[in-house]
Trainee: 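Have a look at this one.
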Amino acid sequence: MKLIIPEIKQPVQRVVLGFGGASIFSILFLLSVLRNASHLPRDFFFFLIVYTEEVFPIQIIMMIAWYVMGIKPLANRKDEYMFLSGLPLTGKQIFIRFFVNDLHRFCWIPAVNAVLFSILIQISSVNYVAPLVIFSFVSFLFCCVLLHWLHLCVLGVKASASYLRRYNPLSLCIILLTYMVSNVVFLKWNHEFNTLIFCIGILVIPILSLVLLQAVAKRFQKLDQQNYWLKQSEKNDESKTADQSAFRLKVRTAFSRLNINPLLYRNWRQSQISSTSKQTNLLILVFISLAYIVSRNNEHADDMISVLRGIMLIFYAVYSYTVLNKLHPSIESPALIYSLPVRKRDFYLSVYAPLFFILMLINTLITVWLFSTTHLPGACLAFWCHSSMGIVLWVTTSVNCGVANYPDMGMAKKKLLYWYFGYLIFGAVFFRFVWITILILFLLTFIQLKRMKLFYKANK
Amino acid sequence: MNPILRIKDIDLSYNEKNVLEKVSFDICPGLFIGLLGANGAGKSTLLLAMSGQFQPVRGMISFCDNDIYQQNRLYKQHIGFVHEHPFLYPGLNVLEFMAFVGAVKKVEKTRLDRQIPELLEEVNLTDQSHKVCAKLSQGMRKKLIIASAFLGRPRIVFLDEALNGIDLESIYKIKRMFRTFVNDGGTIILATHILEVLEKICDRFLILSDRKLAVDLSDAEIQQMKKQDPLFDLERYVIGKFA
């Protein structure tokens with residue numbers, strides 16, 4: 001099929017180049033597999049360690065990024081359709097253009113996946129890794145076809161109405177899961193497939209993809225002949241503002257309907273653009289990398305756990321300190337808060353509940369990673385318990401200072417530093433009586449919350 | 001008519017410096033009240049005090065016979081406030097901000113769904129409803145904060161220099177919205193320097209001068225003065241009171 005427009009050729013060339021390069025690498029890997037057909041047997045435990053430690057977290061991030069990219073409005077697809085439909089092109093050609101564009105947009109996914117699998121070569125053989133890399137590319141191609149097929153042929157006319165604007169989230173979810181599960185299954189039972197079965201499978205998937213692609217292209221052409229896409233475009237233009245208003249309004253006010261704390265929602269939205277949140281995320285990354293590197297340098301598991309515990313406790317303290325920035329007047333205006341009927345409880349929960357949740361999540365993830373590395377359940381449980389106690393202590397101290405000094409966050413930060421200094425000096429005492437300390441802090445916070453008023457007090 | 005808000009002998013002070021002393025007046029529902037005064041006369045402070053945001057040193061402010069500083073949160077559910085320099089959350093868009101204020105004020109979902117587009121239309125902001133607050137101009141910010149103040153049908157709305165920086169067409173629409181609100185029994189208290197605006201829409205004028213409430217004048221009284229003296233000029237009269 002010839003695509004006659006020069007602008008179209010560019011992405012096609014890039015995709016062909018990308019897939020061509022990947023295919024050459026794949027063939028080379030395949031040749032090495034054919035040369036040495038012996039597979040190393042891998043038990044389930046080995047698989048679990050390798051997978052959870054190296055591949056799984058990055059794959060999860062990849063999938064989230066893929067999903068976010070997918071549900072974002074497709075830039076100019078509608079305008080492009082209007083332009084292309086005025087040219088001597090068939091519906092099939094236009095569809096192929098969109099499909100190729102998609103491969104181009106998403107082809108970083110199999111590439112990253114292939115690199116990830118290639119990392120396993122340090123603990124495995126080429127025979128184990130090569131089929132994984134090849135499968136990653138082929139299954140991606142199939143999933144891309146599947147996305148279009150689900151959207152246009154399976155979910156019905158109502159769902160296909162959004163084809164020129166954005167992908168159907170359900171189709172996206174299905175293909176993401178298909179891609180991920182198929183790759184994980186192949187990773188786990190890689191050694192079960194002999195070369196012949198593998199080669200047949202690798203040939204069957206593209207053939208199946210081509211068949212599906214043909215069906216989707218036909219469907220697109222049929223809708224094109226019925227002027228369905230033009231009608232959709234016009235309809236979108238007419239009711240763009242009104243429709244979007246209604247849609248966004250419905251979605252964005254879900255928190256009020258579900259009685260979710262609106263301040264919490266605001267914090268969440270704020271964290272998506274705020275530079276302070278980006279700095280905080282950077283802080284998390286730096287600390288976790290530091291913890292990983294330092295703990296890796298300790299050969300003994302007990303030393304490693306101790307070092308990690310120390311670093312993570314410092315991290316939790318620093319993070320609890322930086323959270324006070326969220327209450328700073330430039331971010332949370334006292335003027336606005338004082339003019340609205342804000343509940344004190346909602347106000348503080350919106351800042352400290354996410355803080356507690358994030359810290360506990362990081363703590364749990366680090367403990368899981370520690371367990372997969374050391375295989376010491378008792379020590380890991382103790383690590384989790386100590387760190388959790390530290391988290392509760394830091395968070396309650398931070399709440400205490402935040403409540404007592406609002407809106408003067410400068411003073412709150414100063415007082416928090418005094419508390420930390422006190423903990424440092426009387427560390428042993430505080431950690432021996434940590435529950436009593438926490439209880440006292442809870443009581444203090446409760447009393448301060450009771451006394452706190454959300455208006456400027458009389459200056460007598 | 002029973003007053004909705006009663007201000008009794010209040011003293012307001014900033015950093016141990018008295019801004020207002022022994023100020024007393026009542027506010028009845030269904031009135032548009034203009035608050036005037038020279039720079040630093042205490043207009044904004046008085047608005048903050050009346051809206052439950054700045055506790056007086058002495059005296060009492062009561063809403064339907066309840067102390068507004070005792071029942072602070074409950075009182076704030078019945079009022080709207082527009083600051084001179086409004087603060088908006090930069091990460092929220094116009095609709096989200098409106099929904100946020102509505103949720104804090106505990107406005108029911110169905111009412112909110114109906115009110116938000118109506119109010120945005122009334123302040124001429126419908127086209128900007130998806131714009132993030134950070135990208136709004138000063139005038140648009142003002143319009144948004146005005147619209148949000150009227151969410152949930154408050155009993156009293158306090159406006160501090162609310163019409164500054166807004167374009168003419170929008171001012172016309174907003175003034176019409178104010179009048180409808182007042183005609184339906186709501187009360188608006190507007191602090192401003194623009195006398196032309198007040199002269200056309202206000203039912204009552206409060207003038208602050210020398211840390212006191214110097215003048216409390218109704219529109220009927222002004223009309224009476226105009227009848228008695230055909231050369232009567234409100235602007236000159238007000239400036240005279242400032243001195």
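Letters go in sequence order (proteins before strands), and every chain restarts at 1.
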Trainee: Would you check if there is a donor-acceptor pair between the side chains of B/D160 and B/S44 at a distance under 3.5 Å?
Mentor: yes
Trainee: Taking B/D167 first and then B/K143, would you say they form a salt bridge - that is, a charged N and a carboxylate O separated by under 4.0 Å?
Mentor: yes
Trainee: Just checking, any donor-acceptor pair under 3.5 angstrom between side chains of B/Q53 and B/S51?
Mentor: yes
Trainee: Judged by modelled atom types alone, do A/N405 and A/K413 share a side-chain donor-acceptor pair under 3.5 Å?
Mentor: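 Absent: no donor and acceptor within the cut-off.
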Trainee: Please state whether the side chain, the backbone, both or neither of B/F97 comes within less than 4.5 Å of a heavy atom of chain A.
Mentor: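 The answer is the side chain of B/F97.
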Trainee: Which residues in residues 333-340 of chain A have a heavy atom less than 4.5 Å from any heavy atom of chain B?
Mentor: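 Result: A/S333, A/A335, A/L336, A/I337, A/Y338, A/S339, A/L340.
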Trainee: Minimum heavy-atom separation for B/T192 to B/L36, with atom names?
Mentor: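 Minimum heavy-atom separation between B/T192 and B/L36: O-CD2, 3.4 Å.
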Trainee: Is there a donor in the side chain of A/E332 and an acceptor in the side chain of B/Y89, or the other way round, less than 3.5 Å apart?
Mentor: yes
